[in-house]
Number of protein chains: 2
Amino acid sequence: MGCDHEELHRAAAQRAKEQMPSEEQIAGMGAVFKALSEPCRLRILLALRQGEMCVYHIVEAVGGTQSGISHQLRILREGRIIKARRDGQNIVYSLADEHVAALLELACTHSHCQV
Amino acid sequence: MGCDHEELHRAAAQRAKEQMPSEEQIAGMGAVFKALSEPCRLRILLALRQGEMCVYHIVEAVGGTQSGISHQLRILREGRIIKARRDGQNIVYSLADEHVAALLELACTHSHCQV
DNA sequence: TCAATATATGAATAAGTGTTCATATATTAG
DNA sequence: CTAATATATGAACACTTATTCATATATTGA
């Protein structure tokens with residue numbers, strides 16, 4: 001079994017095993033990517049690159065129903081992808097940190113989008 | 001409706017609408033993130049950062065069944081996240097390009113993993 | 001050609017997820 | 001306190017997706 005004539009692959013597999021992140025770390029990374037994987041959520045995040053916004057304006061910017069957007073916002077909030085603060089009657093959302101912005105930036109350049 | 005006392009948000013929403021990527025671009029970005037979102041696939045990609053590997057060694061590095069890994073490899077291949085080449089009896093896989101490596105790098109630093 | 005090995009694939013099932021509808025909570029204005 | 005507005009939540013359904021099992025394809029060596 002295996003391609004034993006390729007000692008290089010065996011060594012790579014060995015290194016990979018040794019420094020494979022923990023179960024929790026893998027799950028954490030996966031959660032971030034999953035949050036970014038649905039079109040609706042991605043739209044919300046791309047919109048928030050323009051600055052913080054309340055729910056009403058997010059709905060205006062990305063379309064869809066208030067309820068649907070709110071559900072997605074919850075997922076993004078729980079995944080620490082965005083953060084929320086209350087301002088009177090409104091909840092104002094914004095990107096959580098620079099890592100998120102960087103991921104979006106990378107995805108955009110990879111897809112040849114404008115900034 | 002809306003927080004009309006916040007002209008800033010309205011302006012951000014307007015900018016967001018104007019430069020929202022196209023349907024296809026959104027779908028494309030989402031597909032990449034989705035490919036990276038499942039623990040098993042993420043493990044495969046993290047392993048491939050150590051260098052190209054054939055299926056046998058990928059299974060050895062990340063665990064799971066040959067069939068399961070093969071299914072995930074197909075998804076990654078079709079999403080252009082990895083590339084494959086045949087070498088005799090073996091198929092050798094590697095990360096598709098630098099963008100993928102960069103995304104993994106970002107996720108790792110964000111999760112405080114070693115390189 | 002045949003046997004052995006490496007990898008891929010199809011079908012089936014089980015679990016996860018997005019969306020919608022109705023309703024609940026919280027804040028402000030009167 | 002009441003009405004109005006902004007946002008969140010729960011349940012239900014349709015849809016997608018991962019995993020497993022069995023089997024198929026492709027390559028090598030004899």
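Per chain, numbering begins at 1; letters A, B, ... match sequence-line order. Predicted, not measured: the structure shown is a model, and the values here were computed from it. Below, each value reflects all heavy atoms present in this structure, side chains not excepted, and no hydrogens, waters or symmetry copies.
Taking each heavy atom of M29(B) and L46(A) in turn, the nearest pair found is CE-CD1, 4.3 Å. Residues A61(B) and M53(B) share a closest heavy-atom pair of CB-SD, 4.5 Å.
To the nearest angstrom, C1' of dA6(D) lies 15 Å from CD1 of I69(A). Going from atom CD1 of I58(A) over to atom P of dA6(D) covers 14 Å, rounded to whole Å. Atom CZ of F33(A) is separated from atom P of dT17(C) by 17 Å (rounded to the nearest Å). Whole-Å rounding puts the E78(A) CD to dT9(D) P distance at 8 Å. When the C1' atom of dT7(D) is taken as reference, atom NE2 of H9(B) falls 15 Å away, rounded to whole Å. Between the P atom of dT5(C) and the CD1 atom of I91(B) lies a distance of 18 Å, rounded to the nearest Å. Residue R85(B) contributes atom CZ, which lies 15 Å from atom C1' of dA6(C) at whole-angstrom precision. Whole-Å rounding puts the I44(A) CD1 to dT7(D) P distance at 13 Å.
Using a cut-off of 4.0 Å between Lys/Arg side-chain N and Asp/Glu carboxylate O, K17(A) and E60(B) are scored as not salt-bridged. Ion pair E105(B)/R49(B) flagged as a salt bridge, since at least one NZ, NE, NH1 or NH2 atom sits closer than 4.0 Å to an Asp/Glu carboxylate oxygen.
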Close N or O pairs between protein and nucleotides 17-24 of chain D (under 3.5 Å):
residue, atom, partner, partner atom, Å
dT17(D), OP1, K34(B), NZ, 2.9
dA18(D), OP1, R41(B), NH1, 2.8
dA18(D), OP1, R41(B), NH2, 2.8
dT19(D), OP2, Q72(B), NE2, 3.0
dT20(D), O4, H71(B), NE2, 3.2
dC21(D), N4, S67(B), OG, 2.5

Write out a two-atom table: protein N or O, nucleotide N or O from nucleotides 28-30 of chain D, distance below 3.5 Å.
none

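The shortest distance between the side-chain N/O atoms of N90(A) and the OP1/OP2 oxygens of dT7(D) is below 4.0 Å. Between Y93(A) and dA6(D) there is no side-chain polar atom (N or O) within less than 4.0 angstrom of OP1 or OP2. Within the 4.0 Å cut-off from OP1 or OP2 of dA26(D), not a single side-chain nitrogen or oxygen of R86(B) is found.
The backbone N or O of Q50(A) lies less than 3.5 Å from a partner atom in the side chain of R15(B), making a donor-acceptor pair. With hydrogens and angles ignored, the 3.5 Å screen pairs a side-chain donor or acceptor of Q25(B) with a backbone N or O of S22(B). Put simply, the side chain of T109(A) gets close to the backbone of L106(A): a donor and an acceptor are under 3.5 Å apart.
The side chain of R77(B) approaches dT9(C) more closely than any other nucleotide in the set dA6(C), dT9(C), dA6(D).
More than 12 heavy atoms of other residues, nucleotides or ligands lie within 6.0 Å of CD in E18(B), so this atom counts as buried by the packing criterion.
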Please report, to 0.1 Å, the donor-acceptor pairs under 3.5 Å made by any side chain of residues 32-43 of chain A, with sequence neighbours excluded.
residue, atom, partner, partner atom, Å
S37(A), OG, K34(A), O, 2.7
R41(A), NE, A35(A), O, 2.8
R41(A), NH1, Q72(A), OE1, 2.8
R41(A), NH2, K34(A), O, 3.1

